[in-house]
Amino acid sequence: MSQTDTHADGLAKAFEPETVEQRWYAYWEEHNVFAPSLEEGDDRPTYVLPMPLPNVTGSLHMGHAMMCTLEDVLTRYHRMRGYNTLYQPGIDHAGIATQVVVERQLRRDGISRHDLGREAFLEKVWAWKEKSGGRIVEQQKVLGLSADWSRSVFTMDDGYARAVREAFVRLYEEGLIYRAERLIYWDCQAKTVLSNLEVESEEENGELFEFAYPISEADGGGELVVATTRPETMLGDTAVAVHPDDDRYKHLHGKKLQHPFVDRLVPVITDAILVDPEFGTGAVKVTPAHDFNDFETGQRHDLPLINILDLDGKLNEEGGPFAGLDRFEARKAVKKALKDKGLARGSKNHRLMIPRSDRTKTVVEPMLSTQWFVKTKPLAEPALEAVRTGKTKIIPEEWTKTYEHWMTNILDWCISRQLWWGHRIPAWFCSDCDHISVINVETLEACTKCGSKDIKQDEDVLDTWFSSGLWPFGTQGWPDETPELKRFYPASDLETGYDILFFWVARMMMMGIHFMGEPPFKRILLHPLVVDETGKKMSKVLGNVIDPLDLIHGADFETVVTKAMPGASLEEAMKKFKKSYPSTAKMGKGFDAYGTDAVRWTMCSYSTLTKRVPLSPKRIESNRFFCNKIWNATRFALPYLEGATVSEAAPPATTRINKWMLTRLSRVCETAIAGVDAFRFDESTIGLYRFFWGELCDWYLELCKPVFAGDDEALKSETRNVLAFCLERSLRLMHPFMPFITEELWHRLPRPDDSPVSISLASYPEAGVAPRDEAAEQEMDAVMAVIGAVRTVRSEREVHPGATIHVVLRHPEEATRELLTAERMAIETLCKTDQLEVQPSGADRPAGAALTVAAGVEVLVLLKGVVDAEKEAARVEREINKTEKNIAALEKKLSAKGFAERAPAEVVAETKEQLVEMKERRRLLDEAKALAAELA
RNA sequence: AGGCGGGUAGCUCAGUGGUAGAGCGUCGGCCUUACAAGCCGGUGGUCGCAGGUUCGAAUCCCGUCCCGCCUACCA
């Protein structure tokens, strides 16, 4: 049984996303539809999706929109499929990013964090976090995310902090965390070490500068010319290397060079690994403390390491006369000094890779420093194994290779950072016994070894990715064995952009397996990068950044481009923007309010197989039209649905059209489900789009019209129920993709009596939703083909759409004639005929008729007076050409050597059948040609 | 340098062995009382190039040319 009242009242003539979307989020929260259950007796399978935690500094961008949409689709879909579902939200404290933001604010007031001191500075950061942090959550709600916000975790929460310390302590005790002096990347602006992942290298213009090292007098004098891109590092040189086989320098092996600026003799060494005799002068200055290759060379030759830089990038006392200069000043000064000494030997332009901090964008310096490291090899092994054995699947699969490659060549991970904002390293140094106490407490009173109170905690904090690496279990109460941990670990899927595969996903895999004994998720789903319409990355420089909220709420282009390119002139910004999004050329003054549903649907309609998604505003617009279509289809149907019965079972259907409709519904369920399960939402959305628009609206609704206008009450009742059922199930099918409009319309449609409070708690329709009738499907295909043929003739003959025509259909088989007769109401309505005759083949053709063929049926359209003989002849000629081409292709295929013998029997049979059909068609077209000639 | 991915209709992209598809665009006709944000119809591709395997290749293999991304790196 069902609710019989429908609610067409107040349904606006067009879909207005603003008014619809506003009311439902609060409704969902009020009815708590997003929360999973922890009840003992609840034995539904769980579906857990950890949200890739946005930075506390973040605000919603197109990448989030894509990611959040895909994840919410997964979440809503599984919830509807009967899973106990948790979409775990949270926010990352984002160490460097946040500290940089707050420091920038302080600088505006003329103070540095050091002026404030650590404690006061952290208070400022917390204050900032309370005020401006987490704005993104509100924006995520606009997107409709069905996350359980009551479980949201901030990575600096006490409980999470405890988990972070615990992980550190355990790894330390297991010998997997160690402290050592290593060559690391140093960010001179943020004054912290960076892991190699946080460094981005890009090719830039530079110069290759050559200068001469004088050979010491004791070794006979003369000079050796070296080439360098960083002349200032020569102050830290402890050798010059040449290739052992290089004849030019053989006489210099083992000789000493006099350093021009400091009192140091530098040996000439031979090294076949470092030196490429073809490059530069074939002689390489070696600076082991400031270059990774030189460092290794130094290890091989036991060279001293001389650190010449302070932490802020200025030269230290080792810089001799250049001490105190900034590194870039020093470069100029060293070059000048070399020139003055007559040692400069010229320079040439040179393209080279410059490593920069991905946060501060400053050039990073390789530097020698004592830091904390994670020994990664033992952690990487099982993480590799999990993917190799398929315990965790990476989708799309092609990323598996990338993952393997990285995991196999993984370097130890530097996890300490010289920042203030973050998880303080739980290590205390004892001044009395030198012991390092590593223990999971917030504050420690005394050394755990000797009891001395003279201890000092490590000043550094942990890499943000260390804490986020614990996300799948750190959010569930670990290290305690909570009910949440038991139920929600491991997670089901991890969905994210491929750009953080190493940063985050790989680390979660390592940590999850290590601490929990099994991989943190069953599937890793990686989506593409959202780029502009021409394929370029979104950036402020290019002025092609689009705020997803502007697409949802609407915005004029002036607003949009001002945001996209702050500081640029309006004209310039507009020009760049329009170039980046050609489809906006015809969009008037700005983006309309397309609404969340249209944006979400669009995000889902791109293939996840590619690496980049070129965002097309036009596409979003057309998907809003689709929303409008859904809206109006429902608005049209509602008045006819009074008294309809909708239940969990499909309504009985006796007519071919209704059977056909239910069959198509069943098929689209399969398509939608297969798409989501395979992480191919594009296939789901395309299938649903075609079903709803191309079949339900274009055909079924049109076919319902004569039924509802007629007086066959039994037929009306059956049709009403089928229509109501198909609409209600369509909304459910589309709900994960477009939650708002489906919820709105669902509440207005007849639906089962025991329906839940929200469509998001209704079950997701599956293939068994309705019986399939393949005969009905095939027969309707034929009927639709016939209708299409008549319409084509009408259109090409320029028959006014309002005019009625006389149609004769002929077929040799009784069964087909019965079919056409039975569906005459459909044909008459959709072809606008005033006279429809179904006849056996063979009779004489009426004069003045156009003849065409569809599904083997001769279709005669009587067009006395309106027919242009020439046009008709041309049309027939075109058809004949096409048919003959087909016949030729089929005959060629059939007669090809080996086809009959080697091809599967059914393919041969099918081809023969097609040929027979084509030949019959050809024969009828000849008659059509004769008819056309009669007209003349 | 290595790895990965891509080159299919004017544009953006689906399509992993059986005579090429969608959306948008374009062209023609319609304000047919759900929707002009709409309806009906048409147009449009030798699937980057060259070989090979196969009865049959957009699809599998080899080569080649472009484009993109990632990793590493010449001082």
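All values below come from the heavy atoms of this structure, side chains included, with hydrogens, waters and symmetry mates left out. Each chain gets a letter, A, B and so on, in the order its sequence line appears, and its residues count up from 1. The shown structure was predicted, so the numbers you read here are calculated from the model rather than taken from an experiment.
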> On RNA chain B, compare the nucleotides closest to A:A283 and A:A900; which residue's is nearer the 5' end?
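The residue mapped nearer the 5' terminus is A:A900.
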> To the nearest Å, how far apart are A:D532 CG and B:rC11 P?
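Rounded to whole Å, this separation is 17 Å.
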> Is the phosphate of B:rC69 approached by A:W399 (side-chain N or O, under 4.0 Å from OP1 or OP2)?
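So the side-chain polar atoms of A:W399 never come under 4.0 Å of the phosphate oxygens OP1 or OP2 of B:rC69.
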> Identify the nucleotide, in any strand shown, that forms a Watson-Crick or G-U wobble pair with B:rU8, with both distances under 3.5 Å; if there is none, say none.
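The base-pairing partner of B:rU8, which may sit in any strand shown, is B:rG15.
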> Distance check needed: B:rG68 C1' versus A:K536 NZ, whole Å only.
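Interatomic distance, NZ of A:K536 to C1' of B:rG68: 11 Å.
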> In whole Å, I'd like the distance from the CZ atom of A:F626 to the C1' atom of B:rC24.
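These atoms are roughly 16 Å apart.
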> Using Watson-Crick or G-U wobble geometry with both distances under 3.5 Å, which nucleotide pairs with B:rG63?
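Per the H-bond distance test, B:rC49.
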> Please give the distance between the C1' atoms of B:rG68 and B:rU12 as a whole number of Å.
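The same atom, C1', in both gives a distance of 16 Å.
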> Both distances under 3.5 Å, Watson-Crick or G-U wobble: report the partner of B:rA75, or none.
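With both distances under 3.5 Å required, B:rA75 matches none.
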> Look at A:K897 and B:rU54 and indicate whether a side-chain polar atom (N or O) is within less than 4.0 Å of OP1 or OP2.
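So the side chain of A:K897 is outside the cut-off, no N or O lying under 4.0 Å from OP1 or OP2 of B:rU54.
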> Measure CD/A:E533 against C1'/B:rC24 and give the value in whole Å, please.
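Taking atom C1' of B:rC24 as the reference, CD of A:E533 is at 10 Å.
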> Nearest to the A:F625 side chain among B:rU43, B:rA37, B:rG18, which nucleotide is it?
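Of all the options, the side chain of A:F625 is nearest to B:rA37.
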> Enumerate the salt bridge (Lys or Arg N to Asp or Glu O under 4.0 Å) contacts for residues 266-285 of chain A, please, sequence neighbours excluded, ordered by first and then second residue.
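Sorted pair list: A:D237-A:K285, A:D271-A:R300.
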> Would you mind telling me which of B:rG21, B:rA37, B:rA75 lies closest to the side-chain atoms of A:R690?
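Among the listed nucleotides, the one closest to the side chain of A:R690 is B:rG21.
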> Which of residues 599-615 of chain A sit near RNA chain B, with a heavy atom under 4.0 Å from it?
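A:S607, A:L609, A:T610, A:K611, A:R612, A:P614 - these, ordered by number, are the residues of the stretch whose heavy atoms sit under 4.0 Å from the strand.
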> Rounded to whole angstroms, how far apart are CZ on A:R345 and C1' on B:rA75?
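The answer, rounded to whole Å, is 18 Å.
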> According to a strict under-4.0 Å criterion, is A:R624 in side-chain N/O contact with OP1 or OP2 of B:rC35?
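Indeed not, no polar side-chain atom of A:R624 lies that close.
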> Can you see if the side chain of A:K401 gets near the phosphate of B:rG3 - specifically, an N or O under 4.0 Å from OP1 or OP2?
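For B:rG3, OP1/OP2 do not have a side-chain N/O of A:K401 under 4.0 Å.
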> Of A:I354, A:V364, A:D358, which is the lone residue that meets side chain to side chain contact (heavy atoms under 4.5 Å, CB included) with A:E200?
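It is A:D358, the one option of A:I354, A:V364, A:D358 that forms the side chain to side chain contact (heavy atoms under 4.5 Å, CB included) with A:E200.
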> I'd like to know if the side chain of A:E210 pairs up with that of A:T281 as donor and acceptor (distance under 3.5 Å, no hydrogens or angles considered).
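Per modelled atom types, A:E210 and A:T281 side chains form no pair under 3.5 Å.
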> Tell me if the NZ atom of A:K578 is crowded by more than 12 foreign heavy atoms within 6.0 Å.
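Atom NZ in A:K578 is packed in, count exceeds 12.
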> Measure the acute angle between the ring planes of A:W693 and A:F626, then classify it against the limits of 30° and 60° as parallel, tilted or perpendicular.
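Taking A:F626 first and then A:W693, their aromatic rings lie parallel (interplane angle under 30°).
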> Suppose we call a contact any N or O donor and acceptor under 3.5 Å apart; does that hold for the side chain of A:K629 and the base of B:rC35?
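Side chain to base: pair found, below 3.5 Å.
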> Could you give the NZ-to-P distance, from A:K618 to B:rA22, as a whole number of Å?
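Value for this atom pair: 20 Å.
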> Nearest whole Å is fine: how far is B:rG38 P from A:N632 CG?
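That distance rounds to 10 Å.
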> Quick check with a 6.0 Å cut-off and a 45 degree axis cone: is A:R619 positioned over the face of A:Y606's six-membered ring?
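Yes; both conditions hold, so A:R619 lies above the ring face of A:Y606.
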> Scan every strand shown for a Watson-Crick or G-U wobble partner of B:rC35, both distances under 3.5 Å, and answer none if you come up empty.
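Per the H-bond distance test, none.
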> Which value, rounded to the nearest 0.5 Å, describes the distance between A:I620 atom CD1 and A:M587 atom CE?
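Output value for this atom pair is 8.0 Å.
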> May I ask you to say what A:K885 touches in the nucleic acid, namely base, sugar-phosphate or nothing, with a heavy-atom cut-off under 4.0 Å?
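Contact class for A:K885: none.
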> Other residues, nucleotides and ligands only: do more than 12 of their heavy atoms fall within 6.0 Å of CD on A:E203?
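Yes, because the 6.0 Å sphere around CD of A:E203 holds more than 12 heavy atoms from other groups.
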> Taking B:rG21 as the reference, what is the distance to B:rG45 when you measure between their C1' atoms (whole Å, please)?
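My reading of the C1' atoms in B:rG45 and B:rG21 gives 11 Å.
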> Assert yes or no for the condition that the ring centre distance of A:Y689 to A:F691 is strictly below 6.0 Å.
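No, the ring of A:Y689 stays outside the 6.0 Å limit from the ring of A:F691, centre to centre.
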> For A:F502 and A:W406, take the angle between the two ring planes, folded into 0 to 90°, and tell me which bin it lands in: parallel under 30, tilted 30 to 60, perpendicular over 60.
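Judged by the thresholds at 30° and 60°, the geometry between A:F502 and A:W406 is parallel.
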> Quote, to the nearest angstrom, the C1' distance that separates B:rU8 from B:rC13.
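The answer is 9 Å between these two C1' atoms.
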> For a quick test of reading the model: is some side-chain N or O of A:H405 closer than 4.0 Å to OP1 or OP2 of B:rG2?
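So the side-chain polar atoms of A:H405 never come under 4.0 Å of the phosphate oxygens OP1 or OP2 of B:rG2.
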> Starting at CG of A:N628 and ending at P of B:rG38, how long is that distance when rounded to a whole Å?
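That distance rounds to 7 Å.
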> For B:rU59 and B:rA9, measure between their P atoms and round to the nearest Å.
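Between the two P atoms, the distance is 15 Å.
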> I want to check one thing: is the phosphate of B:rA57, taken as OP1 and OP2, less than 4.0 Å away from some side-chain N or O of A:K893?
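For B:rA57, OP1/OP2 do not have a side-chain N/O of A:K893 under 4.0 Å.
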> Find which nucleotide of RNA chain B each of A:S622 and A:A896 is nearest to by heavy atoms, and output the residue with the more 5' nucleotide.
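Closer to the 5' end of RNA chain B: A:S622.
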> Checking base pairs now: Watson-Crick or wobble, both atom distances under 3.5 Å. What partners B:rC69?
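Matched B:rC69 with B:rG3 under the 3.5 Å cut-off.
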> Let's test your reading of the model: under 3.5 Å, does the base of B:rA34 pair with the side chain of A:E702 as donor and acceptor?
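In this structure, the two groups form a donor-acceptor pair.
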> Pick out the pairs of N or O atoms, protein on one side and nucleotides 27-30 of chain B on the other, that lie under 3.5 Å.
from   : atom 1 : to     : atom 2 : distance (Å)
B:rG28 : N2     : A:S795 : OG     : 3.3

> With rounding to the nearest 0.5 Å, note down the distance linking CG in A:L723 to CG in A:L696.
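Answer rounded to 0.5 Å: 7.0 Å.
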> Check whether any side-chain nitrogen or oxygen of A:N293 sits under 4.0 Å from OP1 or OP2 of B:rC74, and answer yes or no.
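So the side-chain polar atoms of A:N293 do come within 4.0 Å of the phosphate oxygens OP1 or OP2 of B:rC74, strictly under.
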> Can A:T376 and A:D412 be counted as having a side-chain donor-acceptor contact under 3.5 angstrom?
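Yes.
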> Could you work out the separation of B:rU32 and B:rC67 based on their C1' atoms and round it to a whole Å?
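Pairwise C1' distance, B:rU32 against B:rC67, rounds to 49 Å.
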